[in-house]
Amino acid sequence: MARPKISVIGAGNVGASTALMLSQMELGDIVLVDIVEGMPQGKALDMMEMNPVYGFDSNITGTNGYDETEGSDIVVITSGIPRKPGMSRDDLISTNTNVVKQVTEQVAAKSPNAILILVTNPLDAMVYVAHKVSGFPRERVMGMAGVLDSARFRAFIGMELGVSVENINAFVLGGHGDDMVPLGRFTTVAGVPVTELIPAQRLEEIIQRTRGGGGEIVKLLKTGSAFYAPAVSAVEMVEAILKDKKKILPCCMLAQGEYGVDNTFVGLPVKLGRDGIEEIFEISLSDSESKELLVSAGHVKELCEHIEGLGIL
Ligand code: APR
């Protein structure tokens, strides 16, 4: 049986880190694509040369075209420009809309049955672009944001309580922006709701830090945005799909009435397996949680309408 084929578009910080982690987990053969001549080839070769040390046999191919991506099972799209200090994720919109549109056209032509995982920001809007351009069903077009936002929330709770991050389960809904909705009520430490362990005011500060988690790193790095945690978050989604784990993860997708969100791309808890999004988990939210989610979804909707107005698609 052939190994699964995973293509990663964009061989910059996030893309190269994703390819590296995928190869270290031996999840399949990897094709790394970028427009910069020689760069994906060089990084792929460098990673191939790591394999003897690890004892891994997956192939990593670097290319500037799409022929090698043909028949991919999963395509992770990271191409585009990252944020610089002072920029919001939304500032990236027209450049990255153009990039994601062009990339999705090529990917969809070569791999019509692939599952697409978007990483490029502004995330929710880029999932909309890829969904529209590919014409793929909503089960096969998703965005990586909730896994990262949850990971940040878990890391901060772990630091606060001095407990293993393995004990922490977090729950984050909504768009990947400053109005994401981390739900303290459903966030647990060894099964205990975090609201019982951290005073409300301190928990609110941790939630605010989670919301600004991407910006905190942009400010420190100065020349780009986070990449290790975004990469491993995308890899967790790839693994859940390829191993058919039926893992419940928060992913951005087209909501069609779920949680009261209609026809908007937003982060929801979903079951990931070999067919992509196999189920959407609906739980009942309190009025204020539901309101926060709808505000977040409203923001994404405005961005998508803005993109429509640009006339690029
Ligand atoms: N096709 C393929 N690759 C492209 C294209 C294109 N049309 N346009 C740009 N790229 C490549 C760039 O050449 C670069 O190598 O995308 C890569 C982006 O890498 P970085 O600049 O290192 O950015 P990175 O930190 O990886 O972030 C990529 O992910 O998290 C998001 O906000 C982030 O939107 C950004 C994306």
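As the structure is a computational prediction, the values presented were derived from the model and not from experiment. All ligand and atom numbering here is 1-based and tracks the order in the structure.
Side-chain contact check for S7 and T69: no donor-acceptor pair (N or O, by modelled atom type) lies under 3.5 Å. Under 3.5 Å, the side chains of Y259 and E282 contain no donor-acceptor pair of N or O atoms. Donor-acceptor pairing under 3.5 Å is recorded for the side chains of S286 and E289. No side-chain donor-acceptor contact under 3.5 Å links T61 and E68.
Side chain of K43 to main chain of A11: a donor-acceptor pair is present (N/O by atom type, distance under 3.5 Å, no hydrogens or angles).
Contact residues of ligand 1 (protein heavy atom closer than 4.0 angstrom to a ligand atom; sorted by chain and number): G10, G12, N13, V14, D34, I35, V36, M39, T78, S79, G80, I81, P82, N96, V99, Q102, V103, V119, T120, N121, S225.
The ring of F136 has its center no closer than 6.0 angstrom to the ring center of H131.
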